[in-house]
Amino acid sequence: MSFLLLVAVSMTDRTCDALNYYRINRDFLGDIDAQFLAVGLFAGGVAVYYLITRLFKWDNEIFKYAYWGLLPLLVFHGAILTVSHNLKVGATERSICNKTTRAKKSGGMVSTNLTLKEYLYLQPNRREFPNLPPTSKNITIWFNGGDFIGDYTLQLTFTCSVKETIGKNERWTVKNINKAVGTKTVSYLDFDR
């Protein structure tokens, strides 16, 4: 079963590097808690099995196969959920993948011409992504971050209605106002170093 899980993860991780980059928090200690949980669940599961079979002298073949069949599902539940999510690649995810490339010199990812729906799909995965006005379109994200100490750089550029209010701090900048169309181009820059 673990071999099939490994193959499925390696195949689905190649479907879209961008979704995994935005989704995964790449901090150094991020997965250690999941590893300790898996080891703890497995050790606890083995202890419970021996407790049931030795203490209660219960030696049922159906119980044995069911128990050892279900224990890996409990231990590897996080990996199984990740694989099942990666196998379900919807239209929004495909669209994000098609609009995203890896930044060559500076690292990170660049997503261009995203719709608000696509941005809202990515936003819950990264706490660094700010809320955008509801009329936002042509969203460009340049994101480099989440390394082992949590440094990141985020630059957003988008077009929205002139009537929209944007943040009132140094991170937000109005780059251009097109009065003929009634839109403005806004830039957002945030970093943590």
Side-chain angles (χ1 to χ4, degrees), residues 9-10 12-35 78-79 81-179 181-193:
V9 168
S10 66
T12 56
D13 280 349
R14 289 191 189 100
T15 58
C16 183
D17 194 31
L19 289 175
N20 291 329
Y21 189 82
Y22 288 130
R23 185 174 291 121
I24 297 171
N25 185 5
R26 299 181 186 281
D27 87 23
F28 183 64
L29 303 174
D31 287 339
I32 288 181
D33 59 346
Q35 302 302 324
L81 291 174
T82 301
V83 169
S84 65
H85 176 77
N86 284 345
L87 289 174
K88 180 199 71 160
V89 178
T92 303
E93 293 170 327
R94 267 193 307 276
S95 180
I96 293 169
C97 290
N98 292 335
K99 296 176 180 181
T100 304
T101 58
R102 186 168 285 284
K104 302 231 186 290
K105 292 182 181 179
S106 57
M109 290 286 166
V110 178
S111 301
T112 56
N113 293 323
L114 294 177
T115 64
L116 186 60
K117 179 182 177 183
E118 293 162 347
Y119 179 80
L120 292 175
Y121 179 85
L122 295 173
Q123 187 183 21
N125 301 315
R126 302 304 311 198
R127 63 176 168 71
E128 300 91 352
F129 288 13
N131 293 327
L132 297 184
T135 59
S136 300
K137 57 184 177 183
N138 298 328
I139 303 165
T140 299
I141 303 171
W142 179 79
F143 182 71
N144 184 5
D147 62 5
F148 74 99
I149 53 177
D151 293 347
Y152 68 90
T153 304
L154 169 65
Q155 183 175 358
L156 292 173
T157 306
F158 60 93
T159 304
C160 66
S161 170
V162 175
K163 297 175 185 175
E164 296 287 353
T165 57
I166 58 168
K168 299 286 186 195
N169 60 31
E170 67 278 353
R171 295 179 186 163
W172 297 92
T173 308
V174 176
K175 296 287 187 183
N176 185 17
I177 296 177
N178 187 341
K179 292 183 180 181
V181 183
T183 62
K184 60 184 171 185
T185 303
V186 179
S187 180
Y188 175 87
L189 177 64
D190 187 20
F191 56 90
D192 181 23
R193 301 224 172 223

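Distance check: D190 CG to E170 CD gives 9.0 Å after rounding to the nearest 0.5 Å. Here E93 contributes atom CD and L122 contributes atom CG; the two are 9.5 Å apart, rounded to the nearest 0.5 Å. Considering CZ of R102 and CG of N144, their distance stands at 9.0 Å, rounded to 0.5 Å. With values rounded to the nearest 0.5 angstrom, L154 atom CG is found 11.5 Å from F191 atom CZ.
With sequence neighbours left out, the side chain to side chain contact (heavy atoms under 4.5 Å, CB included) criterion links N169 to R171, W172. A search for side-chain hydrogen bond (donor to acceptor under 3.5 Å, both in side chains) contacts involving N176 returns nothing, not counting sequence neighbours. Residues forming a side-chain hydrogen bond (donor to acceptor under 3.5 Å, both in side chains) with T173 (at least two apart in sequence, or on another chain): none. Not a single side-chain hydrogen bond (donor to acceptor under 3.5 Å, both in side chains) links Q155 to another residue, sequence neighbours left out.
The shortest side-chain heavy-atom distance between V186 and S136 does not fall under the 4.5 Å cut-off. Side-chain contact check for T153 versus W142: some heavy-atom pair is nearer than 4.5 Å. Side-chain contact check for L132 versus L156: some heavy-atom pair is nearer than 4.5 Å. Side-chain contact between V181 and T159 is absent, with no heavy-atom pair separated by less than 4.5 Å.
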Name every donor-acceptor pair, under 3.5 Å, that has one atom in a side chain of residues 107-118 and the other anywhere in the protein, sequence neighbours excluded.
from, atom 1, to, atom 2, distance (Å)
S111, OG, Y22, OH, 2.8
S111, OG, T100, OG1, 2.7
T115, OG1, E118, N, 3.2
E118, OE1, K99, NZ, 3.1
E118, OE1, T115, N, 2.9
E118, OE2, S95, OG, 2.3
E118, OE2, K99, NZ, 3.2

Quiz item: Does the side-chain contact (heavy atoms from CB on, under 4.5 Å) test come out yes or no for L120 and Q123, once each step is laid out?
Solution: CA-CA 5 Å; L120 292 175; Q123 187 183 21; 3.4 Å; yes
Practice problem: Step by step, work out the side-chain contact (heavy atoms from CB on, under 4.5 Å) result for R126 and Y152. | Solution: CA-CA 11 Å; R126 302 304 311 198; Y152 68 90; 5.8 Å; no
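With hydrogens and angles disregarded, a donor-acceptor distance shorter than 3.5 Å links the side chain of T135 to the backbone of S161.
Proximity of the aromatic rings of F129 and Y119 is defined here by a centroid distance below 6.0 angstrom, and this criterion is met.
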